[in-house]
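Only one structure is covered here, and it is reproduced in the block below.
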Amino acid sequence: MQYNHQEIESKWQRFWAENQTFKASNDSDKPKYYVLDMFPYPSGAGLHVGHPLGYIASDIYARYKRHKGFNVLHPQGYDSFGLPAEQYAIQTGQHPAKTTEENIATYRRQLDQIGFSFDWSREVRTSNPQYYKWTQWIFIQLFNSWYNKDSNKAEDISTLIVAFEKDGNTTVNAVCDEDVTSFTAEEWNAFSDKEQQQILLQYRLTFLSDTEVNWCPALGTVLANDEIVNGVSERGGHPVIRKKMTQWSMRISAYAQRLLDGLNTIDWPQPLKDSQTNWIGRSQGAMVSFPVDGHDAKIDVFTTRPDTIFGVSFMTLAPEHDLVSKITTESQKAAVEAYVEATAKRSERDRMADVKTISGAFTGGYAIHPFSGEKVQIWIGDYVLASYGTGAVMAVPCGDQRDYDFAKHFGIDIPNIFEGVDISEEAFADKEKTIIANSDFLNGLKYKKAMKTVIYEMEKQGIGYGKINYRLRDAVFSRQRYWGEPFPVYYVDGMPQMIDAEHLPIVLPEVEKYLPTEDGQPPLGNADVWAWDTNTNTVMSNELVISNDSEKSDKHNGVYPLELNTMPGWAGSSYYFNRYMDPHNDTEFASKEALDYWKQVDLYIGGSEHATGHLLYARFWQKFLFDRGLVPVDEFAKKLINQGMILGTSAIVYRVSGSNQYVSKGLKDQYEIEELRVDVNLVNSADEIEVNDLRNWQPQFKDAEFILEEGKYIVGREVEKMSKRWFNVVNPDRICEEYGADSLRLFEMFLGPLEQSKPWKTSGISGVYSFLKKLWKLYYNGEEFSVSDEAPTKEELKTLHKTIKKVEEDIENFSFNTSVSTFMIAVNELTAQKCNKRAILEPLLVLVSPYAPHIAEELWSQLGHTTSISTTAFPIFDGKHLVESSKNYPISFNGKMRFTLELPLDMTKEEMEKVVMAHEKTQAQLQGRTPKKVIIVPGKIINIVG
RNA sequence: GCUGAAGUGGUGGAAUUGGUAGACACGUUGGACUUAAAAUCCAAUGACCUGAAAGGUCGUGCGGGUUCAAGUCCCGCCUUCAGUACCA
């Protein structure tokens, strides 16, 4: 019988589904292991061969862990809210729920045909109301929490109210808005309810604020920093501008330090940790106040080099800084206003692209140096960013290159405060070599000592204080989109109110148009039924409640407007790993028992593109949930692996410019040509394309002429991202049909190291396919299935045992590519040995089964087993039979090489010592000296010591 | 500019972490089987010297170094990819 992958694979996929083979139990005596993939966004294009790479790797590991006796949780679901479904809805009027449903069905079919061991009974979908009920619930918990810097964790807002009632806000040490005003207990108690709510909003972990946001006019929504690439939107590449809007934000900045510290406790790839570290951007320094001459105002600046404060010769404000208009003198007004206007006109992108041009304007105002009392000029310049620090810098031209360039350009003084350093050409920024001079009480001090001294002095005189600044901004949480989680929020008198948890979920309403309303409100403004009735606690018609206008809404008997924004894409993905533990729980997002049992993800596999998005937000929510006692651990994933991308190999034809002639690759240099990408699926493994296939493919080739070389048309190749528009997408359906899922799985692993990006080349799959056929033939020597019960030979055992050893090591190290080679060697050796012995072939199947589960199950059942191979224990290497032929060992004496001996690899230490000793005795006799003692030490060299 | 990763045959990639470089696979070439093709099997395949073999020389981006021994360790360059970017 021939190896028939189609029959075998559909048979066992059905078997696994019917028997719920991979269903995980929340109650088991076995140790637990949680293997998680980043759940996919179900896009309309379906899966291409690049998508399953990480899933295959995690599936191999999950299956391996089951063989090793673990209770494995290996779930899958869909991150099903998102922009593409909504954009499709805008274009076609199709409801996003409908297209999402269809796309999920396609994904599920494609995933099933690859034979993953997912526990589908735990599937989650972020767009499912039963799921986003808990997204809304967590939002409410964030709203009801504040961050206590003394206990260094999030606490219930009620503890903050108690503190306010007792002492006002002067004694609490909280993370809050920067512009909170201080008040006493008496003042607090005298505030109106609305005033109190406004103040509390400045402390809550999710809060409303007028923030300058990244507004994308083309998409009609705000974008988070990580959704912008090079000044344009990540999706679609539309321009992005800065705009002030009232938005929900998440106080992730409260967790900046803990997000940094936590990185030391988790086994994540270093590059990913580095990019999170950079994103959080911790810098240590001081906050210093410079009074403004002649005004009742001061300029606060953050600096990492307070030790250089005596080198300050001017200050620079961001053009958007609040003080600019106030301090500008009459004579400078025209110049300053012109500069501010010019800066506002320049897009963020321009400003970023152009870092060379030095520009700025003098305000005419002066600040007073807090130590020396000297007057220093105040300038504005666009090299100072409004969004970082305080939007103002103290300029030390001798110690900072940008300040230096600015001073040189405008002819400002550059005083030197460093001992023995020439600053005539450039600034001097080497902290380690710094010795301070011309700086009063800091003279002669080195960097570290100067830092301590100056900060101490600042704090003593009330000029400033030591401070740690973070680049990490609070995350904007509102999106002007339809296809996202609605907020569980309504407004009374303009103040946000949370809907009681018992009334969740607040289900996304139907709308007729998915675009923003005419007056610029988010799409939910189009819903007819979108107001909150506090009498019945239900969503009702918003006919009466037209806007957030407080006067109107209050007149309507407790019916209030609901929040019109929806949550961003990362909301639902920030806790889904906890929901998998107990996905059908209707009273909690997961029960305490389930959370305590599974605790955290043991292995998480996904792409590195989520480094500063999902993976940072998820860590933030987990820490928050941990603080509030809702989860048992404060990092959600112990180990993480970034799988590399599988790239496409595009095919290129060359059109002779201005004609309908296409020239083969080898002759293209003789013409002036343009490159065109064509469907890779038309090209064979020799880069050859049939011109008739091309003619039929697209009308533009129909009447084309082809200039061939040796009768063939050869295409050019280019490795790039798999994408429909490059026509280089390879569909896994085709591969599964032609070669089978087991081949696809083996081949994706065989392509190269998991973490690396690598190009797909379908021609290479024949190697793994013929491996499977050879494996099959070990059991089917003729037409009939046959294995013998004879005792294996030493050679056969050697093959088996070295395979066990290597494959186990490989899986533990996630080197799945090399174990595929190991299987091939094993099959070739066993074929050569004509081995058909059960004692060898049965354990071999278990080794192969994580990689190629279908063929393994089939042969396993033909071997007479009635239970699934996935419940079988992984074979154990007995340590005895691994025998290599021999190897030359250099023998050294006092570190100098003396001679080499050929020793078999399976020798014990004692045996080796004997042989080497005998050799040494002979040598010593020949040389007429006394033999040295032989000691085998770990390592490659065998040492003889005197 | 900064941070990180990586440079090995025609190609993807191995190399027990300092011990016979190029495993395994693709591709190519030759052969067997076949009317033919597909499939399958066998052999060769880093470069150079020699008709071939035997044998030898050179070979892991470049230049040095450490070592009995370097793809692997150290120093200095070059190149590619990824992330980040006026962060005070």
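Note that the structure is predicted; figures quoted are calculated from it, not measured. Chain letters run A, B, ... following the sequence lines, proteins first, then strands; residues in each count from 1.
Residues A:M38 and A:I605 are not in side-chain contact: their nearest non-hydrogen atoms beyond the backbone lie 4.5 Å or more apart. Annotation: side chain of A:Y780 is not in contact with side chain of A:Q2 (no heavy-atom distance under 4.5 Å).
With RNA chain B read from its 5' end, the first of the two nearest nucleotides for A:D810 and A:N828 is the one closest to A:D810. Where A:G391 and A:K773 each meet RNA chain B at their nearest nucleotide, the meeting point lying more 5' is that of A:K773.
The phosphate of B:G13 (OP1 or OP2) has no side-chain N or O of A:K758 nearer than 4.0 angstrom. An OP1 or OP2 oxygen of B:U3 is reached within less than 4.0 angstrom by no side-chain nitrogen or oxygen of A:S275. OP1 or OP2 of B:G13 has at least one side-chain nitrogen or oxygen of A:Q756 nearer than 4.0 Å. Contact check, A:N817 against B:A14: a side-chain N or O comes under 4.0 Å of OP1 or OP2. Remark: A:R402 is in phosphate contact with B:C87, judged by side-chain N or O atoms under 4.0 Å from OP1 or OP2. For A:N278 and B:C87, the shortest distance from a side-chain N or O to OP1 or OP2 is not below 4.0 Å. The phosphate of B:A85 (OP1 or OP2) has a side-chain N or O of A:R471 nearer than 4.0 angstrom.
The partner of B:U67 is absent, by the rule that a Watson-Crick or G-U pair needs both atom distances under 3.5 Å. Across every strand in view, B:A37 sits unpaired, with no contact that passes the Watson-Crick or G-U test at under 3.5 angstrom. With a cut-off of 3.5 Å on both pairing distances, the Watson-Crick or G-U wobble partner of B:G7 is B:C78. Pair check for B:U16 finds none; no Watson-Crick or G-U wobble contact set falls under 3.5 Å. Base pairing of B:G83 is made with B:C2, judged by Watson-Crick or G-U wobble geometry with both donor-acceptor distances under 3.5 Å. A 3.5 Å limit on both hydrogen-bonding distances identifies no Watson-Crick or G-U partner for B:G59.
The gap from the P atom of B:U60 to that of B:G7 amounts to 14 Å, rounded to the nearest Å. B:G61 and B:G55: their P atoms are spaced 28 Å apart (whole Å). Atom P of B:A85 sits at a distance of 32 Å from the matching atom of B:A14, rounded to the whole Å. Across B:A15 and B:C49, the matching P atoms stand 33 Å from one another, rounded to whole Å. Comparing the C1' positions of B:U67 and B:G19 gives a spacing of 12 Å, expressed to the nearest Å. For B:A21 and B:C33, the C1' atoms lie 37 Å apart once the distance is rounded to whole Å. Nucleotides B:G13 and B:A23 place their P atoms 15 Å apart, quoted to the nearest Å.
Glycosidic conformation of B:G9: syn, with the torsion inside 90° of 0. B:U80 takes the anti form, because its glycosidic angle lies more than 90° either side of 0.
Between the CE atom of A:M394 and the P atom of B:A88 there is a distance of 12 Å, given to the nearest Å. We find that OH of A:Y769 is positioned 13 Å from C1' of B:U40, with the value rounded to whole Å. Summarising the geometry, the separation between CG on A:D307 and C1' on B:A88 is reported as 13 Å, rounded to the nearest angstrom. Note: OH (A:Y388) to C1' (B:C86) measures 12 Å, nearest angstrom. For the pair A:Q401 CD and B:C87 P, the interatomic distance rounds to 12 Å; values are reported in whole Å. Protein atom NZ of A:K834 is 13 Å distant from nucleotide atom P of B:C41, rounded to whole Å. Counting to the nearest Å, the C1' atom of B:U16 and the CD1 atom of A:I825 are 13 Å from each other. At whole-Å resolution of the value, CZ in A:F750 and C1' in B:G13 are 8 Å apart.
Salt bridge A:K408/A:E426: absent, no basic N to carboxylate O contact under 4.0 Å.
The distance between the ring centers of A:F747 and A:W760 falls below 6.0 angstrom.
Within 4.0 Å of A:D274, counting heavy atoms only, lie sugar-phosphate atoms of the nucleic acid but no base atom. Among the atoms of the strands shown, only primed sugar atoms or phosphate atoms (P, OP1, OP2) are found under 4.0 Å from some heavy atom of A:K774. Residue contacts for A:N469: at a heavy-atom cut-off of 4.0 Å it reaches no nucleic acid atom on any strand shown. The residue A:P753 sits close only to the backbone: its heavy atoms come under 4.0 Å of sugar-phosphate atoms, none of a base. Nucleic acid contact for A:S766: sugar-phosphate only, since backbone atoms but no base atoms lie under 4.0 Å from a heavy atom of the residue. Among the protein residues, A:K806 comes within range of no part of the nucleic acid, since none of its heavy atoms lies under 4.0 Å from any strand.
Under the side chain to side chain contact (heavy atoms under 4.5 Å, CB included) rule, A:I380 has a single partner from A:V340, A:T343, A:T316, A:L323, which is A:V340.
In the set B:A14, B:U40, B:A88, B:A88 carries the atom at the smallest distance from any side-chain atom of A:V384. Nearest to the side chain of A:P271, among B:G4, B:U40, B:C86, sits B:G4.
The aromatic rings of A:F410 and A:F406 sit tilted, their planes meeting at an angle between 30° and 60°. Under the 30°/60° scheme for interplanar angles, the aromatic rings of A:Y769 and A:H5 are found to stand perpendicular.
For the pair A:K758 (side chain) and A:Q756 (backbone), a donor-acceptor distance under 3.5 Å is present.
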